[in-house]
Amino acid sequence: MGKLDGKVALITGAGSGIGRASALLFAKEGAKVAVVDYVPEGGRETVKMIKKAGGEAIFIEADVSKAADAERMVKTTVDTYGRIDILFNNAGIMGPLARTAKITEEKWDLIININLKGVFLGSKYAIPLMLNQGGGVIINTGSTAGIDGLPRVAAYSASKAGGIQLSKAMAME
């Protein structure tokens with residue numbers, strides 16, 4: 001019997017790294033997992049690994065920085081499993097190492113949109129569902145860069161600081 005038996009987890013950025021490791025662990029603990037990533041090969045490989053270990057998972061290709069994709073990942077998870085007990089907003093990118101004045105506006109927007117807007121959008125569509133079903137858990141990946149800041153990754157630091165404050169605001173709500 002696992003700690004997450006009967007639970008449904010939606011994990012973004014689950015095609016590699018922390019997201020994949022979390023998806024594998026959640027499945028091992030009994031959760032049904034919606035593996036979300038914008039890289040299909042990585043996401044499908046995570047699902048394959050979960051199923052090979054005896055778990056249950058689906059893959060949803062999505063760009064968390066797009067409202068329609070975020071809404072669809074929540075809807076697809078609910079359509080498949082009937083609920084979402086855990087939303088793990090994990091998708092994120094660091095971006096190029098560069099001094100602040102050298103970052104292009106496009107790179108700044110990309111990092112902020114994935115790391116901060118993605119957390120907002122995933123939560124925006126999952127919160128009403130969780131409230132209607134009587135509860136749920138939202139986990140957001142942070143970074144010490146969001147607390148102390150780091151040189152040459154200003155957008156990443158800003159996005160992670162925003163994610164920390166968004167998490168606090170949502171918790172207070």
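Counting from 1, the numbers follow the sequence of the chain as shown.
Residues L24 and I139 are members of one and the same hydrophobic cluster, defined by side-chain heavy-atom contacts under 4.5 angstrom among Ile, Leu, Val, Met, Phe, Trp and Tyr. Residues L166 and V64 are members of one and the same hydrophobic cluster, defined by side-chain heavy-atom contacts under 4.5 angstrom among Ile, Leu, Val, Met, Phe, Trp and Tyr. Follow the hydrophobic side-chain contacts under 4.5 Å out from L131 and you reach V78 in the same cluster. I114 and Y38 are members of different hydrophobic clusters when ILVMFWY side chains are connected at heavy-atom separations under 4.5 Å. Note on M170: it clusters hydrophobically with L129, by side-chain heavy-atom contacts below 4.5 Å among ILVMFWY residues.
To the nearest 0.5 angstrom, L116 atom CG is 6.5 Å from S159 atom OG. Here E45 contributes atom CD and R20 contributes atom CZ; the two are 5.5 Å apart, rounded to the nearest 0.5 Å. A distance of 10.0 Å separates CZ of R72 from CG of D63, quoted to the nearest 0.5 Å. Here the CD1-OH distance, from I111 to Y156, works out to 10.0 Å after rounding to the nearest 0.5 Å. We find the CG-NZ distance between L110 and K117 to be 11.5 Å, quoted to the nearest 0.5 Å. Considering CG of L97 and CZ of R152, their distance stands at 5.0 Å, rounded to 0.5 Å.
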>> Could you walk me through whether E56 and V33 satisfy the side chain to side chain contact (heavy atoms under 4.5 Å, CB included) test, starting with their C-alpha distance in whole Å, then the side-chain angles of each, then the deciding distance to 0.1 Å, before giving a yes or no?
In response: CA-CA 6 Å; E56 189 172 342; V33 181; over 6 Å; no
>> Before you tell me yes or no, could you show the steps for N115 and V119 under side chain to side chain contact (heavy atoms under 4.5 Å, CB included), namely the whole-Å CA-CA distance, both residues' side-chain angles and the distance that decides it to 0.1 Å?
In response: CA-CA 7 Å; N115 296 359; V119 172; over 6 Å; no
> Given the rule in the side chain to side chain contact (heavy atoms under 4.5 Å, CB included) test, do V47 and I58 qualify, once you have shown the distances and angles that lead to the verdict?
Replying inline: CA-CA 6 Å; V47 168; I58 59 167; 5.7 Å; no
> Could you walk me through whether L10 and V35 pass the side chain to side chain contact (heavy atoms under 4.5 Å, CB included) check?
Replying inline: CA-CA 6 Å; L10 185 162; V35 171; over 6 Å; no
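Looking at every heavy atom in both residues, G13 comes nearest to A91 through N-CB, 3.7 Å. Residues A154 and T100 share a closest heavy-atom pair of CB-OG1, 3.3 Å. Heavy-atom minimum distance, A158 versus W108: CB-CH2, 4.0 Å. Of all heavy-atom pairs between G146 and A161, the closest is O-CB, 3.2 Å. The two residues A145 and L150 make their nearest non-hydrogen contact at CB-CD1, 3.7 Å. Here the closest heavy-atom approach between residue P128 and residue K124 is recorded as CD-O, 3.1 Å.
By the 4.0 Å N-to-carboxylate-O rule, D85 lies close enough to R83 to be salt-bridged with it.
Taking the side chain as every heavy atom from C-beta outward, L87 and M130 approach each other to under 4.5 Å. In this structure, the side chains of I11 and V36 stay at 4.5 Å or more apart for every pair of heavy atoms. With a 4.5 Å cut-off on side-chain heavy atoms, F59 and D37 count as touching. Looking at heavy atoms from C-beta onward, V74 lies in side-chain contact with I84 at the 4.5 angstrom threshold. Looking only at side-chain heavy atoms (C-beta outward), K7 and E29 stay at 4.5 Å or farther from each other.
The closest donor-acceptor contact from the side chain of T46 to the backbone of A14 lies under 3.5 Å.
Under the 3.5 Å distance criterion, with hydrogens and angles disregarded, no donor-acceptor pair is assigned to the side chains of N90 and T12. In the model, N113 has no side-chain atom that pairs as donor or acceptor with a side-chain atom of S65 under 3.5 Å. In the model, N89 has no side-chain atom that pairs as donor or acceptor with a side-chain atom of T141 under 3.5 Å.
Remark: I18 CD1 is loosely packed, at most 12 non-hydrogen atoms of other residues, nucleotides or ligands lying under 6.0 Å away.
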